[in-house]
Amino acid sequence: MTTIDKLIDSIANICINLGLRGEYSPEEIADLVCDIAFVHLYDALRDLAEPVYAFSTDGERSMTLKYRSRKLFDRNATLLWREPVLCADDTELIR
């Protein structure tokens with residue numbers, strides 16, 4: 001099995017696990033996963049690869065930091081899944 005085949009197999013397993021977390025039935029997951037052209041998905045993910053940093057911030061407001069620390073790896077990577085983060089914006093001043 002080649003490295004690309006291993007990666008495609010990993011992507012398929014991720015899709016199946018996400019389907020199970022989304023409470024799809026096994027039949028629905030099989031239908032959805034079978035329709036994916038994994039070779040094309042692999043190419044798209046490879047094209048989106050970017051450096052992975054030990055720490056980075058990307059604030060979207062005008063006064064926030066945009067910072068990158070050192071690279072963690074010699075090669076680039078693609079983020080496949082991020083858990084949603086709930087944030088509260090507190091702009092109230094304390095007197």
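Note that the numbering runs from 1 along the sequence shown for the chain.
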| Are Leu41 and Leu32 grouped together when hydrophobic residues (ILVMFWY) are joined by side-chain heavy atoms under 4.5 angstrom apart? | yes

| request: Can you run down the side-chain hydrogen bond (donor to acceptor under 3.5 Å, both in side chains) pairs that involve residues 5-17, sequence neighbours left out, and say none if there aren't any? | output: Thr2-Asp5

| Thr57 side chain to Tyr67 main-chain N or O, any donor-acceptor pair under 3.5 Å? | yes

| task | Could I get the full list of salt bridge (Lys or Arg N to Asp or Glu O under 4.0 Å) partners for Asp43, not counting sequence neighbours? | result | Arg46

| query | Only one of Ile16, Leu20, Ile14 clears side-chain contact (heavy atoms from CB on, under 4.5 Å) with Leu18; which? | reply | Ile14

| Cluster overlap Tyr24 with Ile36, hydrophobic side-chain contacts below 4.5 Å | yes

Just list the side-chain donor-acceptor pairs under 3.5 Å for residues 73-80, sequence neighbours left out, or say none.
unit_1	atom_1	unit_2	atom_2	d
Thr78	OG1	Leu45	O	2.6
Thr78	OG1	Ala49	N	3.3

| note | d(Phe55 CZ, Arg70 CZ) to nearest 0.5 Å is 13.5 Å

